[in-house]
Amino acid sequence: MKLCVIGTGYVGLTTGACLAAIGHEVVGTDSEAAKIAALKRGQLPIFEERLPEVVAAGVAAGRLTFTSDARAAIAAAETIFICVGTPPDADGKANLAAVEAAARQIAACAQGYRLVVGKSTVPVHTGDQLKRVLATQSHGRLEFDVASNPEFLREGSGVYDFFHPDRIVTGSDSERAAKRLRAIYAPVLEGAFTCGWHRQPAAMCGWKPPAWVATGITSAELIKHASNSFLSMKISYANAIADICELADADAGEVLHGLGLDRRIGSDFLRPGIGFGGFCFPKDLSAFIEMSAELGYDFRLLREVQRVNTRRTEQFVRKVREALWVLPGKTLGVLGLAFKAGTDDIRLSPALKVVRELVRLGARVRAYDPQAMERARAELGGSIHYCGQAEEVADGADAVLILTEWPQFRRVDWAGMRARMSHPLVLDGRNLFVPGELEGQGLEYHGIGRRAPRRAAAPLAA
Ligand code: UDX
């Protein structure tokens with residue numbers, strides 16, 4: 001099928017490239033001409049595992065192209081996916097200017113029948129607004145259906161998530177739209193693809209048929225908000241439990257493990273730490289709270305989720321201050337700047353929030369991140385020292401802080417780091433280690449909600 005993807009950010013580029021990988025002809029377009037020019041040169045604007053290979057394969061097969069001529073891309077496509085950004089406004093509501101602009105563009109240059117699919121995370125009833133714009137602006141030239149097809153792609157593993165989704169949600173109110181969406185996703189539903197993540201046929205990489213969830217448009221829009229808010233709530237819950245563990249002298253690792261084994265709860269998204277960040281959870285949460293208020297529901301539960309999350313970074317900074325007392329003149333080694341592992345994205349990163357606050361309080365920060373250095377430099381400028389490798393952050397450090405859960409930080413030379421530090425203290429904001437692991441290297445270690453390991457009882461003297 002001929003598809004057009006408007007917006008080539010994390011969602012649009014990943015979705016478009018993967019749709020090409022399952023056999024469709026996809027044209028990606030973006031209002032940022034420089035982004036399209038770079039994509040045409042084979043340069044991706046984001047770091048996303050396996051995506052460069054999937055894009056290159058699509059381009060080489062002639063099924064994936066990029067153009068800044070949105071009109072031509074829209075005119076030639078049967079189905080148009082709107083994947084533009086919906087950044088938060090000052091009041092927390094999603095800014096829908098780019099969604100409206102995309103709809104106007106479609107109305108201005110498409111003729112005949114088109115299926116217009118909203119993928120951007122939007123407030124409930126955006127589908128109705130899209131219909132209104134398409135109807136009023138196309139002056140009868142356009143016959144259309146609108147559908148909502150929320151994305152659940154995680155940054156860093158978006159390619160994996162496309163090929164191995166738990167469910168595919170499509171909301172529409174016409175049989176024609178529902179049928180077409182099912183046909184578009186048929187290869188993923190039937191396992192008839194070569195996985196872009198594993199580079200193997202579906203049958204060989206653990207593919208399981210995803211649930212096909214066909215709903216009305218409004219329900220589909222709500223499923224996305226309800227899912228992201230629930231996951232945020234789970235993280236804040238885990239963080240609250242970790243706080244209680246610290247107060248009660250219990251171990252959050254043990255408690256959350258025991259909790260998550262209940263299949264009704266599940267062990268995913270129960271990792272305590274310095275809180276959730278990124279461009280989805282925080283903004284989707286405030287958008288959902290605002291949207292619920294507009295509908296007449298005061299979502300206090302979610303406001304508390306937000307409050308718990310905001311306090312995470314503050315509490316961590318307080319821990320650093322308690323451990324080091326006076327911050328001016330102290331050197332802190334920081335491992336991790338991205339909002340989570342596997343991405344170069346620093347938008348609303350809790351790690352960056354901690355770093356900014358420590359700098360404000362007078363500490364000298366030496367930082368390293370496997371992917372986010374360039375973006376962090378653009379954001380933090382000369383306020384911190386940027387290191388070429390992980391071990392360098394330890395030079396003269398009064399403490400090393402782990403702020404992003406990159407698994408490779410487990411494998412750095414911690415004994416060597418210890419030798420470079422002026423004080424052997426590690427404060428782990430992501431519980432990357434369990435208590436007892438680093439102490440063997442001569443380091444004092446503190447995680448989140450953790451208790452020192454229980455010593456094995458000494459053998460009784462004969
Ligand atoms: C999220 C959703 O998972 C995805 O389905 C949606 O479409 C987009 O938003 P993403 O923002 O890429 O994806 O990140 P995710 O992996 O969900 O993590 C979000 C944040 O929560 C990160 O800062 C991460 O470090 C934090 N987190 C996650 C925790 O603190 N604890 C956990 O147990 C899990």
Side-chain angles (χ1 to χ4, degrees), residues 9-12 14-15 46-49 51 83 85-86 94 119-122 148-162 164-169 210 220-221 223-242 252-253 256-257 259-260 265-288 305-306 308-313 315-316 336-354 369 371-372 402-407 409 428-432 447-449:
Y10 282 98
V11 175
T14 309
T15 307
I46 48 169
F47 168 76
E48 185 67 34
E49 189 112 30
L51 189 57
C83 301
T86 51
K119 256 205 174 296
S120 309
T121 303
V122 292
S148 165
N149 171 216
E151 55 82 20
F152 301 102
L153 308 177
R154 292 163 300 172
E155 284 182 27
S157 49
V159 172
Y160 175 90
D161 292 339
F162 181 91
H164 298 276
D166 293 333
R167 77 292 208 199
I168 298 175
V169 175
E221 290 168 341
I223 287 172
K224 169 75 189 203
H225 281 292
S227 303
N228 272 4
S229 301
F230 188 87
L231 292 170
S232 311
M233 184 175 74
K234 234 181 145 183
I235 299 170
S236 276
Y237 186 80
N239 282 324
I241 295 290
L256 292 167
H257 175 66
L259 173 80
I265 297 174
S267 50
D268 286 341
F269 279 72
L270 282 181
R271 287 189 327 256
I274 54 172
F276 57 79
F279 210 51
C280 281
F281 282 176
K283 101 176 154 68
D284 291 357
L285 195 58
S286 34
F288 197 26
V305 168
Q306 260 181 333
V308 170
N309 198 54
T310 306
R311 288 187 53 216
R312 297 316 291 167
T313 44
Q315 280 170 244
F316 188 76
L337 296 166
F339 84 93
K340 67 168 193 178
T343 180
D344 61 349
D345 197 351
I346 53 163
R347 290 175 299 172
L348 301 179
S349 166
L352 236 61
K353 219 173 135 197
V354 168
D369 186 284
Q371 291 296 338
I402 302 174
L403 300 185
T404 309
E405 62 273 34
W406 285 100
F409 291 156
D428 183 356
R430 295 296 195 165
N431 281 1
L432 197 60
I448 303 281

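Any value given below was found using the heavy atoms of this structure, including those in side chains, with hydrogens, waters and symmetry copies removed. We count ligands from 1, going down the list as the structure has it; atoms in each ligand are counted the same way.
Contact record, Phe316 with Gly429: CE1-CA, 3.5 Å, taken as the closest heavy-atom pair.
The closest side-chain heavy-atom distance from Pro282 to Phe276 is below 4.5 Å. Put simply, the side chain of Asp166 does not reach to within 4.5 Å of the side chain of Phe152, judged on heavy atoms. In this structure, Tyr237 and Ile265 have side chains that are not in contact, with every pair of non-hydrogen atoms separated by 4.5 Å or more.
A distance of 8.0 Å separates CG in Leu285 from OG in Ser236, rounded to the nearest 0.5 Å.
Within 4.0 Å of ligand 1, contacts by protein heavy atoms are made from Glu151, Phe152, Leu153, Arg154, Glu155, Lys224, Asn228, Ile235, Phe269, Leu270, Arg271, Gly275, Phe276, Gly277, Cys280, Phe281, Phe339, Lys340, Glu405, Arg430.
In this view, Gln306 satisfies the side-chain hydrogen bond (donor to acceptor under 3.5 Å, both in side chains) rule with no residue, not counting sequence neighbours.
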